[in-house]
Structure formats: C-alpha cells, structure tokens
Amino acid sequence: MAKKIIKEPRYIFESSWEVCNKVGGIYTVLSTRAKTLQDKFTDKVIFIGPDFWEGKKNPLFKENKTLLAKWRKHALQYDGVALRIGRWQIPGEPIAVLVDFKPFFEKRNEIFGWAWENYQVNSLNAYGDYDESLMFSWAAGKVVESYYRFFGLTKEDNVIFQAHEWQTCLAALYVKRYVPEVATIFTTHATTIGRSIAGNNKPLYDYLDAYNGDQMAAELNVEAKHSVEKQAAWNVDCFTTVSDITGKECVELLDKPADGILMNGFENDFVPFPAAKFNEARKKAREVLLNVANTLMGTQLGDDTVIITTSGRYEYQNKGVNVYVDALNRLRWDARLEKDVLAFVMVPAWMKEAREDLKVALKNKKLDGEPMGDPRITHVLHEQEGDKVLGQLNWLDIHNRKEDKVKIIFVPCYLDGNDGIFNMHYYDLLIGNDLTVFPSYYEPWGYTPTESVAFHVPCVTTDLAGFGLWANSLKNGMSEIEDGVKTIHRSDYNFDEVSDSIRDTILKFSQFDKKQVNAARKNAAKVAEKALWKHFIAYYYEAYDNALTKRDERLNK
C-alpha cells in the first residue's frame, strides 16, 4: 500500500485573545508550543493577538518597526488595519502581530449582519465581552487576508489559519469566505455551553446526552457565543478540541464530532537544572512557605511538614476547590494522621492588598508564638465577608488552631513575584510542595497538574480532567499516587467519595517512607516527560494535514 502523502504547511497563522496577553491556560498552550513550531517553520509562524495597551508597554511583546514594515503600511492604507509587529517575548521569539480592533466598532452592525447572512451567527442577544471579541476576530481575519494578498501567496503555499476559542471564530469564518485557499482549523479548549452548564451548578455529565446545546445556550444566556462557536465548528476545514472528555461535549452540545484531539503539551525549560540547582530551589521554596505560615499562625512547623497546594482560576466548583477544602477537613479529624499538614489555596481572588501586619512581622522575623489576626489568609480582600474560601472555612470551623494537625492558608493573589508577602513566582513556590491536589469537576485539559509533575511533585486529579484521563491511559487503568499522579473517578453526584479519596491519598502519602516518596517523585517526572511538546506536536501536524486535505477537496468541488 502506498504511503500517504502528508501535506505540510509553509505558513501558519494562529489567533487567540491570549497572544502576548497572559490570561489563562491557552497562553500556556501557545507560548510553550511556539518554539517547537518556530524551530521547524522559522518566521513562517505568525501569532495574531489583540492590541489594547494604548501606547503603554506590553512586557510580553517587543515591537520591531522594520519587521515586515512594507506590509504593515499596506495593511493600514488598503485594508484599514492598524498593526504593531514584533516578537513575542517567549522561547523561540516568534513573530507576533497585535491588531487594533477598536476602529471596527463603527461597523459592528454591518459585521454582525454579514455573520448572520453568511453563516447564521446569531448576535442579537450578545452582551459582555462578545462585541469586543468579535471585532478583534474580524480584524484578525483581515490580517490574514492582507498578508496573503500582499505577499502573493497561493494555494501551493499551504497556508494554515488556526483559531482558538470562540473569541476568534469569526476570523476563521472570514478567512474561509475571503481567502478560501487558506486551510482553517478551529480549536475549542472548552465549549461555551459546557462551561456554562458546569458553572451554573447544573449536572453536566450524567445528562450530557440529553442536553440540547441551542436550548441550553438560550436558557443560560450565552446564545451569541454558542452560535459563533457552533458555526465555526461546522464550517472550518478541521475542527479540534483538547481532550476526549471535551470531545464528548462537542458531539452532544455542538452536534459536531471533533476531527482531531490536540492534547496540550508543554516545555520544561522553567524547571531548575541540574539536580543541585533543583534541590536548592526546592529548599528555598519550603523555607519561604513554612516561614510565612509559621509567622502568620504563630506555629513552629518543621521541614517534615507535608506541604500541599491547590491552585488555578477561582472557579470554586469547576476547579474543585470546595471538595479540596472539605477533604482537608475530613483529614483534620482522622486519628491516623501523624504528620502536620500545611495546605495552601493559591487561587487569585478580589485581592485588595498584602496584609501590612504580616509584611511587618516577616520583615522583623516575628517569632512570639502568637497567631496574627485571621491566621488563614495572607492578603486583604475586597468584600472579604462574602469570599467562598473563607466562608467554607468558617462553616467547617477551621481556624488553624495550634492543636490542628491540618492547617489551611488562603493565598488570594497572583504570585508574580511582587505580591508583598511571598515575593516569589508561583513556579518558584510550587517546587517546594510535597503534593498537589486539583480535583476538577470541569477541566478540558489541566495545566496545573502538568506543571506540578514537571517539578517532580506528585499530584491528585480526576477523570473529568483531560490530563487525568491521559494519565490513566499511560497505565491502562486508574493511575495511583505511586505512579506520580492519582486520578480519582468523579461524577455529578459523588462529592463525598471524591472527598474521602483525597483524604485517603494525602494520608497514604504522609505515611510513605523516603524511598516511597522518591519513587513517586521520579514517576511524576516521567509522566511530565511524556507530555512534552516533542511528543504532542505530532497531533498538530495531523491536524494540518487534515485541514489541507479538506481544503483541497473543498476547492476541487
């Protein structure tokens, strides 16, 4: 049998709201994968993002006014698109184009009319960030068209345009309409309606095959976003998502199976190397975590304390913060626990400022053995009385009393190195943990557990997370903490079982001897190695081939 000819692109355009804009997990997907693509398609990979800095310096973007200068001028004069062109300040330093989309608001009604007439995208009930996102998306489509025409590209150049999330769907539809020679890919990292169902505390999984996506979009007031996402899924050359579990959402809620799964890899160049440097970083992280905790609570927790963290966006149910706190409370009352457990909730909330009393105490190296104010939180919040983490701690009567074997500290800020208390980046603290827990209810992939195992920190996740399902696939069964990743079965209605399983896993890990701990850490690192982009990039090449093949079929009709 003849070997299949793999169609390979010469130019790749990718558009996302998170290009040079660090918001969430998609930023990690794009920024860690960029070097792999840049190495293969040098300066033929162009990322398109929104430019809303209005003259202020973007620390993630370095403008180069001589780079593609003639095209930039042409784009403004003939296509009405104002661009800034430069390099994304990430490994590989790929070309990034930031587009000013604000001028297109004047044509908003005309653009929405075009979307309805050509693709039945319903924008009537739009609100919030929909208008802004679609104006950016329209501008991104024009960027691709302008570049293609200016440089005289043809079908033989095998140009790919990949749109990420609903915010860039209109760009894919625009490109298909006006530059049909470009092969289009749309990647949904989480369906709009799936996230909305889960976020509104409705059971998603047990009733998934009974939900009608269009009906639920109307009920949950996300019709416009759902509409543009669904039309993109149906109209692009290759529709993809990031995990099998999100693929099921696509089938049931978008009525369209994904053409491929693009699992989220990463690069481990942020992990200290060699071993001496790694061990030094881990030691420093533990010292800082324990020092802040002991200063805040008036305790003397030592290095044999089991340090645990959960982190991510403040989606209390979707990220499983509620079940994490509940499990820690159950562990608190477990007579089998012998070691102290220090558990952090590192979830950015509506933070006002670092606690001044804690800042002063840390500076003065306070060691009087007395707790400070509320010994459960490191920063001051706006409307602190309404916070969900503190509310659950109050409900469970968790106040970090000295006799408690389990203590919980809420760190409600972005750990960017300038938070006022730790003054270290998240990664620089993550390495000091013994265990991490991410018991997600809704998690299309899950970068937090991926990052954890990269630092040789075993983690707990669930089989409702793409990463958890993938970890299970490595073992052909349920992954256990000895394997570096503990995957817990989670459904719509087994909260208690999940909580008990987290409690039991932490307890089990706390009872490991040094040899068992080291083995689990080594296995965590092995899992991380399997998730590097050098392995996962193959799925993208398959998607490119698929999209180009479908494009050819479309053009030859």
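Just so you know, these numbers use all the heavy atoms, side chains as well, and skip hydrogens, waters and symmetry mates. Residue numbers run from 1 in the order of the sequence given.
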* To do: State whether a side-chain donor-acceptor pair under 3.5 Å links E338 with S510.
  => no
* Looking just at side-chain N and O atoms, do S491 and Y205 make a donor-acceptor pair shorter than 3.5 Å? -> no
* **Salt bridge K248-D209, side-chain N to carboxylate O under 4.0 Å** => no
* N-O pairing of D504 and R336 below 4.0 Å -> yes
* Mark yes when over 12 heavy atoms from residues, nucleotides or ligands other than Y207 sit less than 6.0 Å from its OH; otherwise mark no. => no
* Asked: Do R355 and T378 have side-chain atoms, one donor and one acceptor, less than 3.5 Å apart?
  -> no
* **Close side-chain approach of L358 to L362, heavy-atom, < 4.5 Å** => yes
* Please step through side chain to side chain contact (heavy atoms under 4.5 Å, CB included) for the pair I261 and M263, ending with a clear verdict. => CA-CA 6 Å; I261 304 296; M263 291 192 290; 3.9 Å; yes
* Asked: Is it the case that Y426 and D419 place a side-chain donor and acceptor less than 3.5 Å from each other?
  -> no
* Structure fact -> Scanning both residues in full, the closest heavy-atom pair of P257 with F239 reads O-CD2, 3.7 Å
* To do: Taking only Lys NZ, Arg NE, NH1 and NH2, and the carboxylate oxygens of Asp or Glu, determine whether K202 and D206 approach each other closer than 4.0 Å.
  => no
* To do: Verify whether one side chain among T32 and E267 offers a donor that lies under 3.5 Å from an acceptor in the other.
  => no
* Taking the six-membered ring for Trp, is the centroid-to-centroid distance between W533 and Y539 below 6.0 Å? -> no
* Criterion ring pair (Phe, Tyr, Trp, His ring centres under 6.0 Å) on W445 and F266, from CA distance to verdict -> CA-CA 12 Å; W445 179 251; F266 79 112; over 10 Å; no
* Could you walk me through whether Y427 and F455 pass the ring pair (Phe, Tyr, Trp, His ring centres under 6.0 Å) check? -> CA-CA 8 Å; Y427 286 164; F455 284 101; 5.6 Å; yes
* Determine, for E529 against K534, whether the closest basic-nitrogen to carboxylate-oxygen distance falls under 4.0 angstrom. => yes
* Whether Y130 and W166 hold their rings parallel, tilted or perpendicular, with breakpoints at 30° and 60° -> parallel
* **Within residues 339-348 or reaching into it, pairs that qualify as salt bridge (charged side-chain N to carboxylate O under 4.0 Å, His left out) - sequence neighbours excluded** => D340-K405
* Are E14 and R33 ion-paired here, with the side-chain N under 4.0 Å from a carboxylate O? -> yes
* To do: For the residue pair T187 and Q162, confirm or rule out a side-chain donor-acceptor distance under 3.5 Å.
  => yes
* To do: Kindly say whether the aromatic ring centers of H379 and F410 come within a distance under 6.0 Å.
  => no
* So, T487 and S479: side-chain donor and acceptor under 3.5 Å apart, yes or no? -> no
* Asked: Any Lys/Arg nitrogen of E403 or R332 sitting under 4.0 Å from an Asp/Glu carboxylate oxygen of the other?
  -> no
* Hey, do the aromatic rings of F278 and F273 have their centres closer than 6.0 Å? -> no
* Asked: Hey, are the side chains of F536 and L262 touching, using non-hydrogen atoms and a 4.5 Å cut-off?
  -> no
* Tell me whether the guanidinium CZ or amine NZ of R490 lies under 6.0 angstrom from the six-membered ring centre of Y441 and within 45° of its axis. => no
* Rounded to the nearest 0.5 Å, how far apart are CD of E249 and OG1 of T241? -> 7.5 Å
* Asked: So, D513 and K515, do they make that salt bridge, N to O below 4.0 Å?
  -> no
* Asked: Donor-acceptor pair, T305 side chain versus L301 backbone, under 3.5 Å?
  -> no
* **Nearest-0.5 Å distance that lies between atom NE2 in H425 and atom CG in N418** => 7.0 Å
* Asked: What is the ring orientation for H164 with H189, classed by angle as parallel under 30°, tilted 30 to 60°, or perpendicular over 60°?
  -> tilted
* Asked: NE2 of H399 to CG of L393: how many Å apart, nearest 0.5 Å?
  -> 8.5 Å
* To do: Please test W88 against F61 for ring pair (Phe, Tyr, Trp, His ring centres under 6.0 Å), starting from the C-alpha separation and ending with a verdict.
  => CA-CA 5 Å; W88 194 350; F61 174 77; 9.6 Å; no
* Determine whether L253 and L208 make a side-chain contact, defined as any pair of heavy atoms from C-beta on separated by less than 4.5 Å. => yes
* Asked: Is there side-chain contact between I502 and I488, with at least one heavy-atom pair below 4.5 Å?
  -> yes
* To do: Evaluate the ring planes of W17 and F52, with Trp represented by its six-membered ring, and classify them as parallel (under 30°), tilted (30 to 60°) or perpendicular (over 60°).
  => tilted
* **Single hit among N494, D463, N472, T462 for side-chain hydrogen bond (donor to acceptor under 3.5 Å, both in side chains) with H489** => D463
* Do you know the tightest heavy-atom contact between V222 and S196? -> CG1-OG, 3.7 Å
* Considering all heavy atoms, the nearest K359-A354 contact -> CD-CB, 3.8 Å
* Strictly by modelled atom types, are Y316 and Q392 linked by a side-chain donor-acceptor pair under 3.5 Å? -> yes
* Where do A281 and I431 come nearest, in terms of heavy atoms and distance? -> O-CG2, 3.7 Å
* **Residues that K388 engages under salt bridge (charged side-chain N to carboxylate O under 4.0 Å, His left out), provided they are two or more places apart** => none
* Asked: Got a salt bridge between D404 and K407, using NZ or NE/NH1/NH2 to carboxylate O under 4.0 Å?
  -> no
* Taking NZ, NE, NH1 and NH2 as the nitrogens, is one of them in R330 or D496 under 4.0 Å from a carboxylate oxygen of the other? -> yes
* Asked: Considering only heavy atoms from C-beta outward, does the side chain of V288 approach that of F422 to under 4.5 Å?
  -> yes
